[in-house]
Each structure stands twice: as structure tokens, then as C-alpha cells.
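In the text below, chain A, chain B and the rest are named by the order of the sequence lines, each starting its count at 1.
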Number of protein chains: 2
Amino acid sequence: MSPRDQIRKGSTDFVVLSLLVKRPMYGYEISQQLGQRSGGYFEMKEGLLYPALHHMQEKGWLTTEWRKVEGRRRKYYALTKMGLEVLDQQAAEWKTFLEKLDGLLQANDVWTG
Amino acid sequence: MSPRDQIRKGSTDFVVLSLLVKRPMYGYEISQQLGQRSGGYFEMKEGLLYPALHHMQEKGWLTTEWRKVEGRRRKYYALTKMGLEVLDQQAAEWKTFLEKLDGLLQANDVWTG
DNA sequence: TTCCAAGCATAAGTAACTTAGGTATATCTA
DNA sequence: TAGATATACCTAAGTTACTTATGCTTGGAA
């Protein structure tokens, strides 16, 4: 189980949104948490993370707040109501996608080899 | 459960390879099968399918053969040994990815809402 | 004979990801 | 106290992948 270069394509927004359900986080923290909570598997570099955060903020899914903690400036991102709705919708879409994918693979004996 | 615009990003190669395990297929057939086997959910348009087939052929995952059936020319694609290995590897990667994703989502109560 | 389905393909535009940098401050260590 | 490392933000250039739109050919049906 080697770590991926980065997170799987197309899952970036979904994964970031899901992390922010419990509490707001700042960018650096998000990238750390992602690694820690997946046993080092997920690795989301800054070149992908920060642009993603910015575009989600522009779409109104996230709000930002600068805070100073332990002498460091951090930009905290929090889910908006719309962001939560988008997350729920994406979760539903992923679920459906995975069901369909599973059906396809089962029919072709791909999972079992 | 509305159909997606097209297949989920990043899953194109995997899905196409998995279809070809049982038997060779031609492009048009692949796109039809994909729709039928997913209850109309997966929809893979030609602008994505044909380039994908070409690049997998270039990489040696697929071989091609023109056949004439019912007066129509069809370009059949078949899995090579390498293609099968790639498929197995991608299946393993997807499995791991889904486990990690699931762990992340469970921890944040995303699946259950 | 006109239209639609079957069957192939590519080109232009956009979105997403990778790689590679750049800045600044705090803390640890030689 | 200088230098390395970790924290913390950001962007730009290049590449890959997807979307949209279009074009060509043949066969069968209305």
C-alpha cells in the first residue's frame, strides 16, 4: 500500500468539505490531518489544496477568518450552509457512483480477480 | 438519481478496462454497454472514449483489430496481458482508496448525514 | 430519397492536477 | 547566534483529463 502522489482525481472538494464538518480548519492543518487520518495514504499538496479552498470560498461553500494563534497567522475555513448541502449532495453522488461501479466490476469479476 | 454528464473523473480507464475482461468490444459498443449495465447512469461520450482507447492502445494495454460485421466496419479492442495487470492494479488501488475514504467519512459522519 | 442509427474520429475550450517555486515567522539545535 | 526545520500562506507554468461541438461514412427504415 504505497501512498498516492496526491489524492485521487475528482475527490478533492469532497474530501476537504468532509474534513470541515466537525470544525473549521486552516489549510496547513487540513493537509496534515488528511495524511494522519489516512495513515499517510492521502497526500494533498499545497498546489492543489489552496486553489481548491479558494474556489470553494468563491462559490460560497466556505467562509474564511484570519486568526492569530501562538504567534502565527492562520486562515481558518468553515463550512457554510450551502457548503454542507453540497457535501451531502456529493456524498449521495459518490454513493450512487460506487454502487454502479461495483455492479459493473462484479459482473466482470474484477474485484475478485 | 439523475445521470451524470459523463463518467466520474479519474475512473475512465478503469471502467473501460473492466468491460473488456470478458471479451473484446468496439468503441460504440462500449459506450452502449456502459449505459445499459448501469441503468443509464454512466454515460461516456465519444470525445472522452475514443481518445482514452487510443492512449491505452499506445501504452500497450489494448490491441485493436478491424472487423467487418453486418456490412459495418468495427474496431475491436482487446485486453493485453499488460492491460489485465494494469486493471488488477487499478482495482487494488481503488479498493484501498475507498477504504481510506470510508474511514475519513465515517469519522466525520458524512455518510449518515 | 431522406432521415436516423451505427460507427469512427478530431479539435477547441475548460477544469483539474503536478511540479516547482516564492515569502515570512517561530522554534529547535549545533 | 546562525542555520536548519516546521509552520503557514500563496502563485505560476505545464500537463492531463474532461466537455462540447463537429465531421465523415455506411446501412436500413419510412
(request) Specify the residues of residues 70-77 of chain B, ordered by number, for which at least one heavy atom lies under 4.0 angstrom from an atom of DNA chain D. (result) G71(B), R72(B)
(request) List in chain and number order the residues that pass side-chain hydrogen bond (donor to acceptor under 3.5 Å, both in side chains) with Q32(B), two or more places apart in sequence or in another chain; answer none if no residue qualifies. (result) none
(message) Going by side-chain hydrogen bond (donor to acceptor under 3.5 Å, both in side chains), name the residues that satisfy it together with H55(B), two or more places apart in sequence or in a different chain.
(response) D13(B)
Restricting to nitrogen or oxygen on both sides, can you table the protein-nucleotides 22-24 of chain D pairs closer than 3.5 Å?
none

(request) Check each residue of residues 10-20 of chain B for a non-hydrogen atom within less than 4.0 Å of any atom in DNA chain D, then write out the ones that pass by number, or none. (result) G10(B), T12(B)
(message) So, does Y50(A) get its side chain near the phosphate of dC10(D), meaning an N or O under 4.0 Å from OP1 or OP2?
(response) no
(request) Identify, with sequence neighbours excluded, every residue that meets salt bridge (charged side-chain N to carboxylate O under 4.0 Å, His left out) alongside K81(A). (result) E85(A)
(request) Between Y26(B) and P51(B), name the one whose nearest nucleotide on DNA chain C is closer to the 5' end. (result) Y26(B)
(message) Run the salt bridge (charged side-chain N to carboxylate O under 4.0 Å, His left out) test against R67(B) and tell me which residues pass, sequence neighbours left out.
(response) E65(B)
(message) Applying salt bridge (charged side-chain N to carboxylate O under 4.0 Å, His left out), can you list everything that pairs with K22(B), at least two apart in sequence or on another chain?
(response) D109(A)
(message) Is the phosphate of dA15(C) approached by H55(A) (side-chain N or O, under 4.0 Å from OP1 or OP2)?
(response) no
(request) Would you please name every residue forming a side-chain hydrogen bond (donor to acceptor under 3.5 Å, both in side chains) with Y28(A), sequence neighbours left out? (result) none
(request) With sequence neighbours excluded, tell me which residues meet side chain to side chain contact (heavy atoms under 4.5 Å, CB included) with A78(B). (result) P24(B), T63(B)
(request) Mind jotting down which residue pairs meet the salt bridge (Lys or Arg N to Asp or Glu O under 4.0 Å) criterion with at least one end in residues 28-41 of chain B? Sequence neighbours excluded, please. (result) R23(B)-E29(B)
(message) Can you pull out every ring-ring contact (aromatic ring centres under 6.0 Å, His included) where at least one residue sits in residues 58-93 of chain B? Sequence neighbours excluded, please.
(response) Y26(B)-Y76(B)
